[in-house]
Amino acid sequence: PTCPVAHALGFTSAGGRGSNAAGVVFPADHAALSDVQRIAVAARLGFSETVFITSIRPAANASTCDVALRYFTPTDEVELCGHATIACIGLLHERRLLGGAKRGTLHTRAGSVAFEIRPSPSGLDVANDAYVLDGDTGHLTASAAPGRDMVYMQQLAPVLDEPLDESLEEEVACALFPEEEGSEGEGSPPRSNGGNGYGAGKKGALDQLDASWAPRVASTGLRDLMVCIQTEEALKAMRPDMRRVAELSRILGTVGIHAFCKKGSGPIIVRNFAPLFGIDEESATGTSNCALACALWESGDAPKGRPLSF
């Protein structure tokens, strides 16, 4: 199937640095598509997520606007996506399709949350870059100049699970660091052990995890497994076994694994893997980082009230 698609970038600095791309499809352009066809559109684009705007309803007084959204990966539908939401609302604002409103409500399958558009803080290097993807040529054409506004979105109240038990933590370590597992079961999926846990991995893989922060599932709209890695070097060098990550995600009922490294008061370094939904690695994620912030606040590793950088 073909339909007009805008290519928008979320989490950008000037010149598009640090951004994550999303497809954006407007209501009239996808109204006749089935969900199978929406997945096909997302797969053809190849972005981690494409957002389909179901409706845009500005209030009569132009003070607020309701926007209904659905999100599709190349293989499935997900209930919420942070970077695609930011990119989409930024694009609607740039094209003046919000009826002049700078706040409103986003209606997603995860729930309804607020959004707000505010002037960029003075001196912040920021851009709202948007591009139109020509379906015939595949070329991108810039459609918006750098803006002076920023989009903020609320997320759902956090849900934090208890830390994983040790046997499942070993399986997570071996999925993320298969090269450290040695000859025992490399590349194999988690092994059932009579319903009482899963096969043990090698100690070398487990040593790559930060023993002071046990892996746990957290969500502010999407469930992700948060895993703290011992060093930034290990995090950056990590080459996960995507088949095992996907199987673990299926077992835990998560979208994927959000691996991170704490660096004192500096930025938190993160990598995100969601192969169960056709996304081997995400370049930036709003929902996972927000959930991680809540998990770190709950564990006392990030003081509440202090801004966090990911």
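If you're wondering where the values come from, they're calculated on a predicted model, not measured in any experiment.
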Side-chain contact test, heavy atoms from C-beta onward, threshold under 4.5 Å: evaluate it for [X] versus [Y] and give yes or no.
X	Y	result
F26	R95	yes
D210	I229	no
V113	Q155	no
P267	F310	no
V25	P4	no
T54	L69	no
P74	I39	no
L248	V172	yes

Reported [atom1]-to-[atom2] distance for the pair [X] and [Y], which is rounded to 0.5 angstrom:
X	Y	atom1	atom2	answer
L92	L98	CG	CG	5.0 Å
M226	N289	CE	CG	8.0 Å
N20	C81	CG	SG	7.5 Å
L91	H93	CG	NE2	11.0 Å
L225	L168	CG	CG	8.0 Å
K304	L296	NZ	CG	12.0 Å

Exercise: identify the closest heavy-atom pair between [X] and [Y]:
X	Y	result
A101	T64	CB-C, 3.5 Å
L206	E170	CD2-CG, 3.8 Å
C3	D29	CB-O, 3.4 Å
T220	C294	CG2-SG, 4.0 Å
V51	C88	CG1-CB, 3.9 Å
A295	A218	CB-CB, 4.2 Å

Is it the case that the side chain of [X] and the backbone of [Y] share a donor-acceptor pair, with hydrogens and angles ignored and the cut-off at 3.5 Å?
X	Y	value
R223	G253	yes
E180	F177	no
T105	A114	no
D224	G256	yes

Are [Y] and [X] connected in a single hydrophobic cluster, I mean Ile/Leu/Val/Met/Phe/Trp/Tyr linked by side-chain heavy atoms less than 4.5 Å apart?
X	Y	result
L292	M238	no
F260	L308	yes
L33	V5	yes
V227	I268	no
L45	I279	no

Lys/Arg-Asp/Glu bridge criterion (N-O < 4.0 Å) met for [X], [Y]:
X	Y	result
R244	E247	no
E77	R70	yes
E281	R271	yes
K262	D301	yes

Between Y71 and T108, a side-chain donor and acceptor under 3.5 Å: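 Absent: no donor and acceptor within the cut-off.
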Distance alone, cut at 3.5 Å: any donor-acceptor contact between the side chains of N272 and T285?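 No, T285 and N272 have no side-chain donor paired with an acceptor closer than 3.5 Å.
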Counting neighbours of CZ on R306 that are heavy atoms of other residues, nucleotides or ligands and sit closer than 6.0 Å, is the number greater than 12?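 Atom CZ in R306 is packed in, count exceeds 12.
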Does atom CD of E116 have more than 12 heavy-atom neighbours, drawn from other residues, nucleotides or ligands, at distances under 6.0 Å?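 Yes, CD of E116 has more than 12 neighbouring heavy atoms, counting only those of other groups under 6.0 Å.
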Can you check side-chain contact (heavy atoms from CB on, under 4.5 Å) on F47 and F72, steps first, answer last? CA-CA 10 Å; F47 301 134; F72 289 84; over 6 Å; no
Would you say the ring centers of F273 and H258 fall short of 6.0 Å from each other?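 Not close enough - the centres of the two rings lie 6.0 Å or further apart.
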Ring centres under 6.0 Å, that's the criterion: do F115 and Y152 meet it?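 No, the ring centres sit 6.0 Å or more apart.
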So D149 and K102, side-chain contact (heavy atoms from CB on, under 4.5 Å) or not? Walk me through it. CA-CA 10 Å; D149 290 331; K102 290 197 172 183; 3.8 Å; yes
Run the side-chain contact (heavy atoms from CB on, under 4.5 Å) test on V255 and F277 for me, step by step, so that the C-alpha distance in whole Å, both residues' side-chain angles and the decisive distance to 0.1 Å come before the verdict. CA-CA 7 Å; V255 172; F277 288 85; 4.0 Å; yes
Apply the test side-chain contact (heavy atoms from CB on, under 4.5 Å) to residues R57 and V67: give CA-CA distance (whole Å), side-chain angles for both, the deciding distance (0.1 Å), then the verdict. CA-CA 6 Å; R57 300 187 299 272; V67 183; over 6 Å; no
Classify the ring geometry between F11 and H83 as parallel (under 30°), tilted (30 to 60°) or perpendicular (over 60°).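 Ring orientation of F11 relative to H83: tilted.
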I'd like to know whether E282 forms a side chain to side chain donor-acceptor pair (under 3.5 Å) with S48, so could you lay out the CA-CA distance, the side-chain angles of the two residues, the decisive distance to 0.1 Å, and finally the verdict. CA-CA 7 Å; E282 186 76 273; S48 55; 2.6 Å; yes
